[in-house]
Number of protein chains: 2
Amino acid sequence: MVNPLTPEVLADPVALTRALVDIESVSLDEKEIADRVEEVLRSLPHLTTHRHGNTLMARTDLGRAQRVVLAGHLDTVPLNDNFPSTAEGDRIYGCGTSDMKSGVAFALNLAVTLPEPRYDVTYFFYEAEEIESRYNGLNLVAQAYPHWLEADFAVLLEPTYGVVEAGCQGTMRATVRTRGRRAHSARSWKGVNAIHAAGAVLDRLAAYEARTVEIDGCTYREGLNAVRIHGGVAGNVVPDLCEVEVNYRFAPDRTPDEAHAHVQEVFDGFEVTLTDSAAGALPGLTAAPAVEFLAAVGAAPVGKLGWTDVARFAALGIPALNFGPGDPNVAHAPDEHVEIGLIREGAATLRRWLA
Amino acid sequence: MVNPLTPEVLADPVALTRALVDIESVSLDEKEIADRVEEVLRSLPHLTTHRHGNTLMARTDLGRAQRVVLAGHLDTVPLNDNFPSTAEGDRIYGCGTSDMKSGVAFALNLAVTLPEPRYDVTYFFYEAEEIESRYNGLNLVAQAYPHWLEADFAVLLEPTYGVVEAGCQGTMRATVRTRGRRAHSARSWKGVNAIHAAGAVLDRLAAYEARTVEIDGCTYREGLNAVRIHGGVAGNVVPDLCEVEVNYRFAPDRTPDEAHAHVQEVFDGFEVTLTDSAAGALPGLTAAPAVEFLAAVGAAPVGKLGWTDVARFAALGIPALNFGPGDPNVAHAPDEHVEIGLIREGAATLRRWLA
């Protein structure tokens with residue numbers, strides 16, 4: 001098969017975005033796109049390339065004093081009548097346009113066209129970001145080959161609509177349970193209805209006032225939400241159990257333990273079980289390459305609200321931020337798209353920073 | 001195979017209860033018990049016997065002025081480490097002891113031992129009462145051969161712990177929906193949480209005061225309960241829909257339409273959809289055989305709270321009541337049992353009435 005990532009395509013971040021989108025790569029099905037990208041990277045004499053599963057790492061070794069990572073995932077959520085890409089006016093539509101093949105195009109375009117960047121650069125293209133952690137290529141490499149990721153600063157090319165989103169909020173999920181006593185619903189007064197008791201849990205959620213936290217000039221807005229509720233035994237039974245799963249998104253000034261304690265306080269008097277949690281990441285904007293990156297962008301950073309893989313870099317001790325042309329509001333949506341102008345602007349910013 | 005329903009066993013309602021319990025007959029698996037009972041009925045010259053599926057009808061034709069039905073279902077709920085039967089003190093334990101093979105034993109004992117009852121009697125033993133209506137033998141016969149059921153009065157031998165439970169309450173289920181707007185839970189303020197909105201639905205249920213209604217000296221206590229709740233899209237999404245399934249048990253002075261209107265009123269302002277409903281049955285204690293039956297029992301009737309197949313008789317224009325030795329509180333429970341004393345008493349009552 002002829003590689004659609006031709007030299008002409010690789011030279012243009014917009015054409016490259018479309019070409020990448022047109023290689024289907026739903027999570028766990030990234031072999032083809034990884035093969036195509038690997039072929040490109042291995043053809044470049046200024047890069048050393050390694051592969052692990054469908055994850056690729058390619059690095060310059062110019063002996064620069066500092067090293068930065070440009071990272072993007074190759075996978076997408078499932079197609080949704082939005083494949084292959086289409087162009088309409090100033091936009092490219094299609095699965096992965098925003099999240100995050102336009103960001104991947106930034107990195108791959110620079111890998112090909114910038115043989116001598118001012119910092120050593122590690123290009124990192126990875127698999128399975130959209131699904132469970134145990135498949136995530138960044139997570140797998142961080143465990144198996146952490147030295148592949150060693151750097152002073154990382155830019156994760158997730159959709160941010162062209163602004164710098166620094167750090168990220170943490171996330172935790174917990175289950176709040178109410179219990180009762182089963183009875184036949186024809187004699188309901190012999191039982192205690194656990195679903196009715198959950199009304200008080202939902203009322204606390206409805207009345208909850210989330211914090212807004214300012215760190216290094218970045219604003220983090222928290223949220224506490226029921227994401228699932230489940231209860232019931234049968235159509236004729238007073239239920240003895242109701243479970244409300246809540247998701248707390250917390251500013252990076254709180255650790256997961258502090259977040260857990262807060263959720264237990266909110267639901268004081270109820271049974272609360274932690275399901276899982278992931279630490280956030282502080283903005284980390286003081287490293288020299290970060291300061292220079294912000295200067296190249298020329299606009300103030302904002303706090304990243306969603307949990308992203310910047311937290312995995314933070315856990316490795318590498319300050320990281322999110323920067324990509326995609327609109328996070330349309331990521332995973334059938335009308336996912338990216339604006340061509342933002343691709344051109346963002347690519348120019350990165351080149352200004354690294355050239 | 002030798003029929004365990006020997007003449008000695010058939011002559012004793014207690015031994016007969018155990019023998020019937022020891023023929024496994026979980027719903028849809030009633031062939032063996034129906035075969036054994038059919039063999040007994042067909043051997044009796046004073047009865048005319050018909051079979052439909054695993055449902056049996058056997059009737060006297062003595063030209064009496066009035067006809068009564070004695071009805072019991074042959075099936076049980078699934079076994080629960082309670083098969084075969086065991087005896088302990090004054091109790092017989094096992095699946096179906098209470099619900100309702102002790103009641104079936106009443107009818108089968110009379111069918112064998114009382115060739116000339118004072119009313120013509122239709123003995124009706126049917127399949128699949130414990131599962132969906134479309135399998136229910138009484139329902140099927142009421143549709144296919146309604147003349148099999150023609151009578152002036154019916155006694156359904158469901159567990160009532162030896163008291164007369166008259167009529168039955170109706171039941172309806174409805175779904176109450178709250179709607180919101182989906183959003184990523186990291187930016188929850190962009191959405192509207194439908195689960196949080198359901199708190200108000202549950203609060204109304206918790207605050208609801210059920211009616212208690214007196215009809216013909218029988219007390220019907222209503223109940224309105226959430227029996228299921230479900231909502232949620234994914235662990236990181238503000239949900240746009242929450243559904244609460246409610247079950248309203250209503251006294252037989254209300255029609256299903258009135259019950260529906262009441263539930264809509266309770267949840268005024270919410271989206272309410274009727275799922276299903278079944279009319280209750282008024283006590284119907286004025287028919288002559290009913291009056292005489294109550295005299296034979298010698299104790300005041302009470303209102304039946306659960307929906308039972310008496311409502312199917314009521315729908316055919318046949319007044320019906322529930323009367324059986326089983327304890328309804330242990331029906332369907334692993335420790336299901338029946339008291340031997342109540343079997344003897346109840347069998348004597350029926351004989352006093354019909355002999």
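Please read all numbers here as calculations on a predicted model, not as lab measurements. Each chain gets a letter, A, B and so on, in the order the sequences are listed, and its residues count up from 1.
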Counting heavy-atom pairs under 4.5 Å to chain A, which of [options] comes out on top?
| options | answer |
| --- | --- |
| Asp276(B), Ile195(B), Leu305(B) | Ile195(B) |
| Ala331(B), Gly306(B), Pro239(B) | Pro239(B) |
| Gly232(B), Gly231(B), Ser188(B), Ala206(B) | Gly231(B) |
| His196(B), Gln169(B), Arg187(B) | His196(B) |
| Pro328(B), Ala183(B), Ala234(B) | Ala234(B) |

Non-hydrogen atoms of chain A under 4.5 Å away: do they reach the side chain of [X], the backbone, both or neither?
| X | value |
| --- | --- |
| Asn329(B) | side chain |
| His230(B) | both |
| Asn225(B) | both |
| Ala200(B) | backbone |
| Arg228(B) | both |

> Relative to chain B, which of Ala186(A), Gly223(A), Ala210(A) shows the most heavy atom pairs under 4.5 Å?
Replying inline: Ala186(A)
>> Using a 4.5 angstrom heavy-atom cutoff, name the option from Thr171(A), Asn236(A), Asn247(A), Thr275(A) with the most pairs to chain B.
In response: Asn247(A)
Cationic N near anionic O, under 4.0 Å, [X] to [Y]:
| X | Y | result |
| --- | --- | --- |
| Glu243(B) | Arg177(B) | yes |
| Asp240(B) | Arg181(B) | no |
| Arg211(A) | Asp253(A) | yes |

> Checking Arg221(A) against Trp189(B): charged group under 6.0 Å from the ring centre and within 45 degrees of the axis?
Replying inline: yes
> Parallel, tilted or perpendicular: which describes the rings of Tyr248(A) and His262(A), with under 30° parallel and over 60° perpendicular?
Replying inline: tilted
> Does a donor on one side chain sit under 3.5 Å from an acceptor on the other, for His332(A) and Asp99(A)?
Replying inline: yes
>> Assess the residue pair Val246(B) and Val227(B) against the criterion (side chain to side chain contact (heavy atoms under 4.5 Å, CB included)); give the C-alpha distance rounded to whole Å, side-chain angles, the decisive distance to 0.1 Å, and a yes or no.
In response: CA-CA 6 Å; Val246(B) 299; Val227(B) 289; over 6 Å; no
> Could you go step by step and tell me if Met172(A) and Leu274(A) meet the side chain to side chain contact (heavy atoms under 4.5 Å, CB included) rule?
Replying inline: CA-CA 8 Å; Met172(A) 69 157 290; Leu274(A) 179 67; 3.0 Å; yes
